[in-house]
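A quick write-up on the structure given underneath.
Predicted, not measured: the structure shown is a model, and the values here were computed from it. Numbers here simply count residues along the sequence, with the first being 1. Both counts, for ligands and for their atoms, begin at 1 and track the order of listing.
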Amino acid sequence: MNERTRIILNGIAASPGLAVGKVCFWNDPESIPRYTIKPDQVKIELARLDEALITARKQLDILKTRVEKEVGEKEAAIFTSHGLLLDDPAFYARVEKLLINDNINLEAAVEDAIEDIVRVFKKISDPYLRERADDYRDVGRRVLENLLSYQRQCTMDEGEPIILVARELMPSDTVQFHRQRIGAFVTERGGVSSHAAILARSLRLPAVVSVPHALSRVGAGVLVLVDGNQGRMIINPSPGEIEAARKDHDIRERAAERVRVSAKAMTRDQVEVALSANLTRENEADEARRVGAQGVGLLRTEFLFMDRGEFLDEEKQYRAYRHVVETMAPHTVTIRTLDLGEDKQFAFENPVQNAACILGWRSLRLSLSDEAVFLAQLRAILRAAAHGPVRILLPMVAGVEDIRRVRVLLEKAQNDLETAGETFGRQVPVGAMIETPAAAVLPEVILREADFLSVGTNDLVQYVLVADRVSERMQPYYRSTSPAIIALLAKLAQAAQAAGKDISICGEIAGDPMYLPLLLGLGYRNLSVAPVLIPDLAAAVGECNLAQAESLAQRCLSLSTADEVEACLREGMAKSALAV
Ligand code: PEP
Ligand code: MG
């Protein structure tokens with residue numbers, strides 16, 4: 001393979017669209033990546049080393065000037081000697097040798113070179129020289145940080161979109177991507193229902209997940225094409241492919257400008273379907289409004305915290321929720337209380353999240369474990385409810401006792417606000433997410449205490465099928481078309497109808513046109529999806545016919561495997577397209 005060989009790496013399509021750009025690695029700062037490189041990558045790695053050294057020199061100059069000014073010249077001298085270490089030809093030669101002879105990646109080579117040098121210094125009897133070992137470590141750490149920080153890597157190519165290649169992306173990383181020059185991302189790990197994938201769709205970033213060895217197959221700074229439709233990354237794409245990707249990008253940008261004028265989606269036989277929005281940032285409310293969302297079906301509040309990078313107090317939460325409520329009024333905003341857990345963690349100091357647990361130490365249970373934090377969120381929601389219709393949604397409800405505990409706290413929050421003389425909404429319905437098997441098998445019991453239901457299929461599928469939604473290995477088992485899931489969806493719709501209460505679906509299947517006839521046929525009339533999906537979903541509703549959807553749903557309920565259900569849904573979609 002030479003530097004310009006075109007190579008295709010396959011993975012799973014996680015977010016649609018095509019994007020071209022240069023690769024930057026997104027590394028976990030806690031661990032230094034270590035992998036084998038091809039001989040023709042040595043030149044690229046050395047160019048990265050040069051960049052990292054230039055950046056480190058600049059950083060040291062800035063530090064030296066600051067310390068000189070604020071502390072003194074003597075103290076600042078340390079940075080001059082650190083600068084000299086950066087220029088040490090022995091260090092450069094050692095790294096180069098490791099790259100050429102051992103074929104290891106640059107980060108690993110820098111780490112090894114520093115350790116080799118430190119070992120030599122530690123053996124020296126002169127105490128002054130021995131202490132230089134620590135300076136080497138310090139300088140080495142700075143160079144490594146420069147290599148690992150994708151923002152610093154990416155200053156290499158100002159103006160080019162960045163294609164992030166990562167082992168894995170945390171939701172707290174991904175939620176901040178809208179602030180950066182990121183055109184797409186590719187990960188070695190993760191499934192389509194992982195939060196990174198959900199966020200990619202809501203940010204309209206093409207993404208491919210579960211690409212084996214992506215980090216070692218591509219070098220930083222190499223031009224790649226990410227094909228989020230077919231689930232692949234093309235290294236060194238052809239000029240024709242680059243042109244096609246640029247066109248796709250322009251089309252998507254124009255589509256994003258689309259305004260949906262009609263207020264409600266309607267099937268061919270005039271059945272109304274309410275499409276509301278799943279939001280991860282308060283500013284997305286403007287987009288939700290523009291595309292004609294009939295409210296917010298799911299405000300994932302934990303992402304507002306992650307986006308700001310801090311734990312929001314009652315006042316900050318209130319302002320964020322109020323913005324969404326005022327933007328969406330007179331439509332209803334459904335605010336979900338914090339839903340943190342193993343797969344959704346805050347990257348900053350916070351009072352609620354601590355001990356991890358293999359299963360279940362998350363969501364509402366975390367909130368209930370710290371009443372002060374939970375009460376602050378409830379008060380913020382109640383205060384926002386003074387500005388427009390609001391509903392509270394509780395994640396991962398397992399039984400009515402969960403709802404009862406929340407109602408007690410809600411009353412306390414109201415009393416607190418009353419005493420403080422705050423204005424707040426008094427009629428705030430409380431709903432339950434159906435995402436545990438316990439809630440899904442007895443919806444009629446949950447409905448005795450919940451004012452409405454929202455089906456979180458992303459989690460329901462993982463808990464019913466025992467298949468981790470974020471694990472690439474579990475993807476063959478994580479099947480939303482499983483007959484067990486279809487049967488539960490049917491049961492839930494019937495239970496809500498019998499109780500005369502609202503039910504909606506806010507899991508990712510709600511935005512996938514393949515599932516639309518099935519969901520309508522099972523009786524669902526409220527779907528909540530990322531705003532970007534609403535225009536196409538509204539069009540897909542217009543192509544459906546309820547009578548046909550009902551017979552399709554009945555057929556699906558009689559099938560035995562996820563593959564059979566999927567084939568049935570694909571056939572249904574093809575027929576509905578032909579009928580228009
Ligand atoms: C779900 O589980 O389906 C859901 C909508 O919530 P989240 O994806 O945030 O877990
Ligand atoms: Mg969930």
### Atoms in ligand 1 flagged as close to Cys506, the criterion being non-hydrogen separation under 4.0 Å
5 (C)
### Query
Tell me, which protein residue and heavy-atom name are nearest atom 6 (O) of ligand 1, and how many Å apart are they?
Arg336 NH1, 3.0 Å
### Query
Aromatic rings Phe305 and Phe311: how do their planes relate, parallel, tilted or perpendicular, breaks at 30° and 60°?
perpendicular
### Message
If the cut-off is 4.0 Å to any non-hydrogen atom of Arg300, which atoms of ligand 1 fall inside it?
### Response
4 (C), 5 (C), 6 (O), 7 (P), 8 (O), 9 (O)
### Message
Does either side chain, that of Tyr478 or that of Ser193, offer a donor lying less than 3.5 Å from an acceptor on the other one?
### Response
yes
### Task
Work out the angle at the Mg ion (ligand 2) between OD2 of Asp459 and OE1 of Glu435, rounded to 10°.
90°
### Task
Decide whether Thr301 and Gln377 meet the rule of one side-chain donor and one side-chain acceptor closer than 3.5 Å.
yes
#### Entry: Candidate list Arg407, Arg404, Arg405, test salt bridge (Lys or Arg N to Asp or Glu O under 4.0 Å), partner Glu449, passing option
Arg404
### Polar proximity ligand 1 side, Glu302 side, N/O cut 3.5 Å exclusive
no
### Summary
A student checking ligand 1 against Arg469 at a 4.0 Å heavy-atom cut-off should list atoms 2 (O), 7 (P), 8 (O), 10 (O)
#### Entry: Flag for Tyr321-Glu326: side-chain donor and acceptor within less than 3.5 Å
no
### Query
Do any N/O atoms on Glu435 end up under 3.5 angstrom from N/O atoms on ligand 1?
yes
